[in-house]
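From a predicted model like this one, the values you see are computed outputs, not experimental measurements.
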Amino acid sequence: MRIKKILSVLLFCFLLVDLLGCEAFTRKFTRKSKKSEATVEMVLTPQEYKGPEMTKEELYRQYYLYWSSWQDELINALTQKASLKKKVDCAGEALKNMVNMKMMLVTDAQKNFDPEIVKLIDLSADIKSDIYGANDSRNLQVAQRIKSSMHKGFIYPKIRNYLK
């Protein structure tokens, strides 16, 4: 019985020393904070990416292709009774590319471009005001006429001599 008592006291002392260890009891069982490394803030200087240098011909053809694609998308949106937002976005993108095409021409040729831009601006305004799509068929005809007149008068072979 005395041996049991000595063993239990020794076991208790051993556990006490093991729990306490070299550090203080409170430090041993408290959660260690994660050390946050001092982060250095990155400073980025903006650089303009100009992309590959394109000739005037390539730029005009690219804008023409973009305009044609957006005009086709507008025609499809009007045909399929798409949402107003879709129609307005298509008209806006087509107009943006048409203006880019115009800016690449000499001033005399730009004057020939103005009526087409005015037609597209008017069409865009008509689409914006037609919330329920009641005039989609009329707007579709106008969009097709604009596309047809642009294909007749402003394809690259006819306009190549008027590029800046």
Side-chain angles (χ1 to χ4, degrees), residues 23 26-164:
E23 295 184 44
T26 56
R27 277 189 283 152
K28 191 166 189 170
F29 290 106
T30 55
R31 178 175 282 185
K32 309 253 186 306
S33 63
K34 293 183 180 179
K35 295 178 182 176
S36 61
E37 297 176 13
T39 57
V40 177
E41 208 173 301
M42 285 181 31
V43 178
L44 300 176
T45 56
Q47 295 178 351
E48 184 176 334
Y49 176 70
K50 295 185 179 183
E53 292 294 324
M54 297 177 76
T55 64
K56 295 173 188 174
E57 171 191 349
E58 290 171 333
L59 274 174
Y60 184 83
R61 286 179 185 245
Q62 182 179 4
Y63 289 137
Y64 186 84
L65 178 67
Y66 290 162
W67 165 81
S68 182
S69 298
W70 280 108
Q71 192 72 16
D72 288 340
E73 190 72 26
L74 175 62
I75 290 170
N76 288 338
L78 289 168
T79 303
Q80 297 171 357
K81 305 281 185 188
S83 69
L84 178 65
K85 184 177 190 283
K86 172 78 172 176
K87 293 182 256 187
V88 169
D89 286 346
C90 291
E93 289 295 322
L95 180 62
K96 180 178 79 171
N97 287 296
M98 193 182 281
V99 168
N100 287 340
M101 287 167 41
K102 175 187 170 186
M103 292 301 144
M104 297 193 66
L105 302 176
V106 295
T107 53
D108 295 337
Q110 284 182 3
K111 293 175 185 171
N112 296 336
F113 227 92
D114 287 336
E116 301 304 321
I117 291 177
V118 169
K119 288 178 193 174
L120 193 54
I121 290 172
D122 291 343
L123 175 63
S124 181
D126 289 344
I127 290 172
K128 285 178 187 174
S129 65
D130 185 23
I131 296 171
Y132 299 110
N135 296 326
D136 277 352
S137 59
R138 187 182 67 76
N139 292 337
L140 175 63
Q141 290 174 352
V142 172
Q144 288 171 337
R145 271 190 248 125
I146 292 171
K147 182 179 178 184
S148 175
S149 65
M150 285 292 291
H151 281 308
K152 286 178 188 171
F154 296 100
I155 58 174
Y156 178 74
K158 289 187 178 180
I159 210 78
R160 97 177 78 178
N161 296 331
Y162 299 106
L163 290 176
K164 286 184 185 177

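- Here the side chain of Gln71 pairs a donor or acceptor atom with the backbone of Ala143 at under 3.5 angstrom.
- Proximity of a side-chain donor or acceptor of Asn100 to a complementary backbone N or O of Tyr63 within less than 3.5 Å is not detected.
- Among residues two or more places apart in sequence or in another chain, the salt bridge (charged side-chain N to carboxylate O under 4.0 Å, His left out) test is passed with Arg160 by none.
- Qualifying ring-ring contact (aromatic ring centres under 6.0 Å, His included) partners for Tyr162, counting only residues two or more places apart in sequence or in other chains: none.
- With sequence neighbours excluded, no residue satisfies ring-ring contact (aromatic ring centres under 6.0 Å, His included) with Tyr66.
- Glu58 and Glu53 make their closest contact through OE1-O, 4.4 Å (heavy atoms, listed as atom of the first residue, atom of the second, distance).
- Ser124 places no side-chain N or O within 3.5 Å of a backbone atom of Leu120 that could act as its donor or acceptor partner.
- Residue Lys102 qualifies as enclosed at atom NZ: its count of foreign heavy atoms under 6.0 Å is above 12.
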- Decide yes or no on side chain to side chain contact (heavy atoms under 4.5 Å, CB included) for Lys164 and Met103, but give the supporting numbers first. CA-CA 9 Å; Lys164 286 184 185 177; Met103 292 301 144; 5.6 Å; no
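- With salt bridges taken as basic N to acidic carboxylate O contacts below 4.0 Å, one links Asp126 and Arg138.
- Of the possible donor and acceptor atoms, none in the side chain of Ser68 sits under 3.5 Å from a partner among the backbone N and O of Tyr64.
- Classification of the Tyr60-Tyr156 ring pair by plane angle, with boundaries at 30° and 60°, yields tilted.
- Nearest heavy-atom pair, Val106 versus Leu163, reported as atom, atom and distance to 0.1 Å: CG1-O, 4.2 Å.
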